[in-house]
Amino acid sequence: MNISVAPVENDLSENLIVGLKSEGDSFQLVTNISDDSFLKSVHAAFDTVQASTADLSVTRIVSPADSSKVVIGVGTANELTPNVLRNMAGAAIAASAGLAQVAVTLPAETEDDVVAIAEGSRLAAYDFAAYRKAKKEPVAEVVIRATGDFATALERAEIVATAVNDVRDLVNTAPNYLNPATFADIARKEAEAVGCAVTVYAGQDLVTEKLAGILHVGAGSASAPCLIRVEWNPENAQGFSALVGKGITFDSGGYSLKPSNSMTEMKTDMAGAATLLHTVIAAAKLGVPRRIVAWLCMAENMVSGAAGRPDDVITYRNGKSVEINNTDAEGRLVLADGLIMAVEENPDEVLDMATLTGAQMVALGERTTGVMGTAAQRDAIVAAADAVGEEAWAMPLPAELRKSLDSEVADLQNSGSRWGGMSVAGLFLQEFVGETPWAHIDIAGPSFNRGSAYGYTPKGATGCMLRAVLHYLAA
């Protein structure tokens, strides 16, 4: 798909996208086309077919100006914020599959509007077809009719949307094609290509560095675990952020084995690592003037004679011991290694991201990310998510829940109370960050859309929170 920006004009010889904004029992057209005669004909045609104005509903009619063309109307009842435009464009572009060209005539008067429409278009056209025949080809040419020169904004939108789609590709990849080693190969190739430095700790390196969590979780798999360090360090960098991502390329639950209906989709348990990898790559492409180091904690959680057991005790490089009472609470074990390594480099802050708990979905549903940690970082990330149109919510770390992580034989155990389970996991991670400002981002539900596509979000991997974290880092 090629996306371009062109001046607003009354060129009616194109396939067109317009908005249908509900007004009581009627609706108005939302478009920057100004040809009154044409608009009256379009309104009448949509009215005749009783076009729905429900949010993000799509209706397609033959263009009154040219019977070989169509006009695609997308409904909304909302104020036309950039995020509403992003979703409207996404819904309409998804419905444009198979067309050669379409012009988006939704109001695009600011840089934020153009970025939103371009991102929505690129993200909605995504289709993961690695193992099957492709569906209808996405529309080949998208022209955004806008008032102004937005070439730089369009370039930025392309970088960000491509990064989100690259995350989706990794998360959707089948686990027999993606394991810690192949993920490391991808990370090295793609990050080094944009000027990042990459180091992979594997084999004896993990033992030497005393990376106890990654070693324990990865012990049962034929695919060896690793820790990947990716650094973007531009000249005159302003500040230093560390990122830590959970990268479980498949999670069987280990000896605390998942039920079979809970084991499908566990290829997605590396979404945190995938998201932060492409966050750093996008930051490098955009020239974000900040030092960023991502620690990607990669393992496959499997069952074998070599696998770690419940009742095992492991000791981390910082001397803290953990009793394993649930091998299916493995994400926090590998993240602890990454957090320790990150904090040792004295960053200004550390942010971790993980598909960590089913409790996140119980608390917030499947579309809203839970964010915990130091108040300043937590609230700023939620604000960044809101600014770019992602759903996130600040969650507490109640001190009384920490007691449920007490162990009789170690400094703490890896699983505690099921009540407030998302926060309990956050409290476990808090044990490994010391005084460093920190935020924990739980994307268990939002990282994978199990329902139908909506707006610019496809079925399957979503790439959620990349745009939010990138916006936060760039700011």
Side-chain angles (χ1 to χ4, degrees), residues 1 122-135 138 160-194 196 198 200 202 214 217-218 220-228 230 243 245-253 258 260 262-282 294-302 330-331 334 353-356 366 443-451 453 456-467:
M1 173 193 286
R122 177 70 67 198
L123 295 174
Y126 176 84
D127 179 32
F128 185 73
Y131 315 120
R132 59 164 170 78
K133 291 181 179 179
K135 299 174 184 177
V160 174
T162 298
V164 173
N165 284 339
D166 287 342
V167 173
R168 292 170 172 179
D169 281 346
L170 284 171
V171 176
N172 283 325
T173 298
N176 56 321
Y177 290 93
L178 187 70
N179 58 45
T182 55
F183 188 104
D185 290 342
I186 292 168
R188 187 186 297 279
K189 178 182 177 181
E190 297 191 8
E192 288 182 347
V194 295
C196 295
V198 180
V200 178
I214 292 173
V217 173
S221 175
S223 298
C226 63
L227 176 66
I228 308 166
V230 180
L243 313 177
K246 174 185 174 184
I248 304 299
T249 56
F250 187 78
D251 182 18
S252 71
K258 292 180 183 290
S260 59
S262 297
M263 208 180 297
T264 54
E265 298 174 1
M266 283 300 102
K267 66 182 181 181
T268 70
D269 216 15
M270 37 58 71
T275 303
L276 296 182
L277 167 64
H278 283 290
T279 297
V280 179
I281 291 171
W295 298 87
L296 312 176
C297 310
M298 311 304 302
E300 190 177 56
N301 188 23
M302 301 293 282
E330 85 299 330
V334 301
M353 183 183 291
T355 49
L356 205 60
E366 294 185 296
I443 58 170
S447 64
F448 198 79
N449 177 25
R450 295 154 183 85
Y456 60 85
T457 303
K459 187 176 177 64
T462 66
C464 75
M465 292 302 286
L466 181 146
R467 293 188 300 112

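The first residue of the sequence shown is numbered 1, and numbering continues consecutively from there.
- With hydrogens and angles disregarded, no donor-acceptor distance shorter than 3.5 Å links the side chain of Thr462 to the backbone of Asn449.
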Problem - Asp269/Glu330 under side-chain contact (heavy atoms from CB on, under 4.5 Å): CA gap, chis, key distance, verdict - result: CA-CA 11 Å; Asp269 216 15; Glu330 85 299 330; 3.1 Å; yes

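- Of the possible donor and acceptor atoms, one in the side chain of Thr268 sits under 3.5 Å from a partner among the backbone N and O of Glu265.
- Minimum heavy-atom separation, Leu123 to Ala161: CD2-O, 3.7 Å.
- The backbone N or O of Ile443 sits less than 3.5 Å from a side-chain atom of Ser447, completing a donor-acceptor pair.
- Shown here for Pro180 and Met298, the closest heavy-atom pair between the two residues is CB-CB, 3.8 Å.
- From Glu300, atom CD reaches atom OG1 of Thr249 across 4.5 Å, with rounding to the nearest 0.5 Å.
- In this structure, the side chain of Lys246 engages the main chain of Thr355 through a donor-acceptor pair within 3.5 Å.
- Remark: Met270 CE to Cys297 SG distance equals 13.0 Å, nearest 0.5 Å.
- In plain terms, the two heavy atoms of His278 and Val167 that are nearest each other are CB-CG2, 3.7 Å.
- In this structure, the separation between OG1 on Thr275 and CG on Leu243 is 11.0 Å, given to the nearest 0.5 Å.
- In this structure, Leu356 CG and Ile248 CD1 are separated by 10.0 Å, a value rounded to the nearest 0.5 Å.
- Evaluation of the side chain to side chain donor-acceptor pair (under 3.5 Å) rule for Ser252 yields no partner, not counting sequence neighbours.
- Within the 4.5 Å cutoff, no side-chain heavy atoms of Asn165 are placed close to those of Phe128.
- Side-chain atoms of Tyr456 and Arg122, non-hydrogen and from C-beta on, never get closer than 4.5 Å to each other.
- Taking all atoms of both residues into account, the shortest heavy-atom contact from Cys226 to Val200 is CB-CG1, 4.1 Å.
- Residue Lys459 holds its NZ atom at 13.0 Å from CG of Asp127, rounded to the nearest 0.5 Å.
- Counting all heavy atoms, side chain and backbone alike, Ala191 lies closest to Val198 at CB-CG2, 3.7 Å.
- With values rounded to the nearest 0.5 angstrom, Thr264 atom OG1 is found 7.5 Å from Met266 atom CE.
- Between Leu296 and Ala273, the shortest heavy-atom distance links the atoms CD2-O, 3.7 Å.
- Qualifying side chain to side chain donor-acceptor pair (under 3.5 Å) partners for Tyr126, counting only residues two or more places apart in sequence or in other chains: Asp169, Asn172.
- For residues 181-194, the pairs satisfying side-chain hydrogen bond (donor to acceptor under 3.5 Å, both in side chains) are Asn179-Thr182, with sequence neighbours left out.
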